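First the structure, in the form of structure tokens, and then the observations on it.
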Amino acid sequence: MLDLMIIGAGPAGLSAAEAAAQAGLDYIVIEKGTIANTIRQYPVGRAMFSTPNEVEMHAGTLRPVREKPTREEMLSHYIHFVLDLDLKINTGETVVSVNGNIDEGFVIKTDRGEYKARRVLFAIGAMEHPRRLNVPGEDLPKVHHLFVEPYAYVRKEALVVGGGNSAAEAALFLSEEGVRTTLAIWREDWENRDPKAGAMKHWVRTPLEAEVEAGRLQVVLYKHVDEIREKEVKLTTETGESMTLPNDVVFVLVGSDADLTLLKQLGVEMEHGKLAEVPVYDPETFETNVRGIYVAGHFTHARHIKAAIDVPRRIVPLIAQDLRN
Ligand SMILES: Cc1cc2nc3c(=O)[nH]c(=O)nc-3n(C[C@H](O)[C@H](O)[C@H](O)COP(=O)(O)OP(=O)(O)OC[C@H]3O[C@@H](n4cnc5c(N)ncnc54)[C@H](O)[C@@H]3O)c2cc1C
């Protein structure tokens, strides 16, 4: 019987693992992908929006070459954190069910085996279900719901759909590398300048506008995408006109949602958050209404990496104390 099962090895799960080790808990982290899997899925070479102090595991330990760390510097930082502390993580293993209760313990089944634990911390992030347009042709192999690199598409026709920073960055990276790119965006997103309302960061917007100015990138204010075909995409513009674009590749980057199924099956209650459904939890302990089941990271109200790192440091010692009583 483990003291603590941690599901997910993103910044939240890694921070929880260190805190568990420090508290002398018998713990394990189960991760279906790799260490810091979400960050590995960022675009190649991408600079973070955050400064090092907001994303590093310990003050002064992440030393980027420029002001803000890149995807690769982040990955190396998190991987060496795991190696240096010899944290217990099983990668490439997926948790498929969690049952039980605090009195008898929880049974965690994975695609490789079964574990028992006295407490379970979900640090599963919010990347599981990329949002879809639900239009004909979206299942074609040329349609992607994640953007990692532009190099396969040089001199091809690309359409990026979305209004946030991920879509804007993808359009920028594609256009800069010689991909003939169209960004389909709603007017409210294109005109949004309020950083608190998810507006495009100015260091993304400025070079993006320069690409538009230079005639390399087309921005289409659209209402909806109608159909994706092998060699073209049909969409309706904001003024109601039908538009057909030649097309080789589509990136649908309209956000993603956590998979809350395991939590719901345990009986964890949900509420409407600012952007999506969020589990209900005690704001001090991050324990849900199901005793012994905890949450941390991107799918809670504390969404950013800094909070994903800070919260487990606060709550794991409380879990350890609870286990000793
Ligand atoms: C393109 C992009 C850019 C971003 N830029 C920034 C930024 O500049 N600054 C910032 O603060 N934030 C940024 N974010 C958000 C940031 O990535 C998240 O806040 C951060 O990853 C949250 O950490 P986490 O540990 O909560 O979740 P994640 O890092 O998503 O980790 C969750 C882990 O759980 C694993 N997992 C899920 N379900 C299971 C299961 N059933 N079994 C086993 N493992 C499972 C996943 O594989 C994943 O590795 C960005 C996000 C994206 C997509």
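Just follow the structure's listing: the first ligand is 1, and inside any ligand the first atom is 1. All figures in this text were calculated on a predicted structure; none of them were measured in a lab. Residue indices begin at 1 and follow the sequence shown. Note: hydrogens, waters and symmetry copies are ignored here, and every other heavy atom, side chains too, is used.
Close contacts of ligand 1 with Ala123, meaning ligand atoms under 4.0 Å from a residue heavy atom, involve 32 (C), 33 (C), 34 (O). If you number the atoms of ligand 1 from 1 as listed, the ones under 4.0 Å from a heavy atom of Glu93 come out as 43 (C). Proximity to Ala12 (heavy-atom distance under 4.0 Å) selects the following atoms of ligand 1: 25 (O), 26 (O). Close contacts of ligand 1 with Gly8, meaning ligand atoms under 4.0 Å from a residue heavy atom, involve 33 (C), 34 (O), 35 (C). Near Ser166, the atoms of ligand 1 lying under 4.0 angstrom from a non-hydrogen atom of the residue are 1 (C). For ligand 1 and Gly297, the ligand atoms under 4.0 Å from any heavy atom of the residue are 26 (O). Close contacts between ligand 1 and Ile30 involve ligand atoms 43 (C), 44 (N) [criterion: under 4.0 Å to a heavy atom].
Atom 7 (C) of ligand 1 has as its closest protein heavy atom Met48 CE, 3.3 Å. The protein atom (non-hydrogen) at minimum distance from atom 50 (C) of ligand 1 is Tyr42 OH, 3.2 Å. In terms of protein heavy-atom proximity, atom 19 (O) of ligand 1 is nearest to Arg303 O, 2.9 Å. When only non-hydrogen protein atoms are considered, atom 11 (O) of ligand 1 lies nearest to Ile305 N, 3.2 Å. The protein non-hydrogen atom at the shortest distance from atom 43 (C) of ligand 1 is Lys32 N, 3.2 Å. Protein heavy atom closest to atom 30 (O) of ligand 1, with residue, atom name and distance, is Thr38 OG1, 2.5 Å. Here the protein heavy atom with the shortest distance to atom 10 (C) of ligand 1 is Ser50 OG, 3.4 Å. With hydrogens left out, the protein atom closest to atom 33 (C) of ligand 1 is Glu31 OE1, 3.5 Å, a heavy atom.
On a distance-only criterion, Phe49 and ligand 1 share at least one N/O pair closer than 3.5 Å.
Inspection of the Lys142 and Asn247 side chains reveals an N or O donor paired with an N or O acceptor under 3.5 Å.
Counting heavy atoms from C-beta on, the side chains of Thr237 and Leu221 never come closer than 4.5 Å.
The two atoms that bring Lys116 and Glu104 nearest to each other are NZ-O, 3.4 Å, heavy atoms only. Across every non-hydrogen atom of Gly162 and Leu183, the tightest pair is O-CD1, 3.7 Å.
Comparing Arg71, Gln41, Met74, Arg46 by heavy-atom distance to atom 5 (N) of ligand 1, the nearest is Arg46. Here the shortest heavy-atom distance to atom 42 (N) of ligand 1, taken over Thr261, Asn165, Val95, belongs to Val95. Taking each of Ala167, Pro11, Gly33, Ala16 in turn, the one with a heavy atom nearest to atom 29 (O) of ligand 1 proves to be Pro11.
Connection of Val249 to Val143 is not established within any shared hydrophobic cluster, with ILVMFWY side chains joined at heavy-atom distances below 4.5 Å, either directly or through further cluster members.
If you look at Phe286 and Tyr281, their ring centroids are closer than 6.0 Å. Two rings, from Phe251 and Tyr153, have their centers less than 6.0 Å apart.
Using a cut-off of 4.0 Å between Lys/Arg side-chain N and Asp/Glu carboxylate O, Glu227 and Lys234 are scored as not salt-bridged. Salt-bridge check for Lys264 with Glu277: passed, with a basic side-chain N closer than 4.0 Å to an acidic carboxylate O. One finds a salt bridge joining Lys32 and Glu128 here, because a Lys/Arg side-chain nitrogen approaches an Asp/Glu carboxylate oxygen to under 4.0 Å.
With a 4.0 Å heavy-atom cut-off, ligand 1 is reached by no atom of Glu54. At a heavy-atom cutoff of 4.0 Å, ligand 1 is contacted by the side chain of Met127 but not by its backbone. Contact annotation for Ile7 and ligand 1: only side-chain heavy atoms (C-beta onward) come within less than 4.0 Å of the ligand.
Each of Leu2, Val316, Leu87 was checked for a side chain to side chain contact (heavy atoms under 4.5 Å, CB included) with Tyr27, and the lone residue meeting it is Leu87.
Heavy-atom contacts from other residues, nucleotides or ligands closer than 6.0 Å to CD of Glu271 number more than 12.
The aromatic rings of Phe49 and Trp203 sit perpendicular, their planes meeting at an angle over 60°, well past the 30° parallel limit.
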